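Just so it is clear, the structure is predicted and the values come from calculations on it, not from any experiment.
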Amino acid sequence: MRRSTFWSRLDVRAYRWLVVAWMALIFMMSGQPSVPAPAVFVGQDKFMHFLTYGILGFFAFRALGPWGGKGGWRPLAWVTVFCAFYGLTDEFHQSFVAGRDANMGDLLADAFGGFIGAFLVARRQPKVIDE
């Protein structure tokens, strides 16, 4: 018997609100001239994009509810496209913020992070990846 976790007990509607709230946080942070974070290693910016959009991918896949658990790669692809599109709009938004710029590397990190976040959820549901 599998022990339920906090994340598995959340309702689909709660995940949908988390998606909206996380997107609002991303928008707010990308509107800042600089994000207050100490430089720890080279490529930290890409890692932060990957991590941020990985969380968005996690929330978005869970927000699909029963449709996400029906099987196949389609839900995983939709979440990846969703995260990549939001990453594109985020990069466009950043192009208008002083001290920030649009970057293709950031967009790739956004899309890949969204994919990995969704994949980690999908992998816990064997029928999703069995196709």
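- With rounding to the nearest 0.5 angstrom, the CD1 atom of Ile26 is 9.5 Å from the NE2 atom of His49.
- Both Val40 and Phe47 belong to a single network of hydrophobic side chains, linked directly or stepwise wherever heavy atoms of I, L, V, M, F, W or Y lie under 4.5 Å apart.
- The two residues Val97 and Gln32 come nearest to each other via the heavy atoms CG1-O, 3.8 Å.
- Here CG of Asn103 is found 9.5 Å from CG of Asp110. Values are rounded to the nearest 0.5 Å.
- Placement of Met23 and Met29 within a single hydrophobic cluster is found when ILVMFWY residues are connected by side-chain heavy-atom separations under 4.5 Å, directly or transitively.
- Considering every non-hydrogen atom in both Gly114 and Cys83, the closest pair reads CA-SG, 3.7 Å.
- Cluster partners of Phe96, using a side-chain heavy-atom cutoff of under 4.5 Å among ILVMFWY residues and allowing indirect links, are Phe92.
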Atom pairs and distances, side-chain donor-acceptor, residues 51-61, under 3.5 Å, sequence neighbours left out:
residue, atom, partner, partner atom, Å
Thr52, OG1, Met48, O, 2.7
Tyr53, OH, Asp90, OD2, 3.4

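- Heavy-atom minimum distance, Val19 versus Ala63: CG2-CB, 4.1 Å.
- When side chains are defined from C-beta on, Arg16 does not count as touching Val20, because their heavy atoms never get closer than 4.5 Å.
- Remark: Met104 CE to Leu88 CG distance equals 8.5 Å, nearest 0.5 Å.
- Under the 3.5 Å distance criterion, the side-chain polar atoms of Gln94 are left unmatched by any main-chain donor or acceptor of Ala102.
- Cluster membership for Leu18 and Leu25, using ILVMFWY side-chain heavy atoms within less than 4.5 angstrom, is shared.
- Checking side-chain atoms of Arg100 against main-chain N and O of Gly31 turns up no donor-acceptor pair under 3.5 Å.
- Note that CZ of Phe82 and CH2 of Trp78 are 11.5 Å apart. Values are rounded to the nearest 0.5 Å.
- Linking Ile, Leu, Val, Met, Phe, Trp and Tyr whenever their side-chain heavy atoms come within less than 4.5 Å leaves Leu64 and Trp17 in two separate clusters.
- Heavy-atom neighbours of Phe112 CZ from other residues, nucleotides or ligands within 6.0 Å: at or below the threshold of 12.
- Grouping the Ile, Leu, Val, Met, Phe, Trp and Tyr side chains by contacts below 4.5 angstrom, directly or via other members, places Trp22 with Tyr86.
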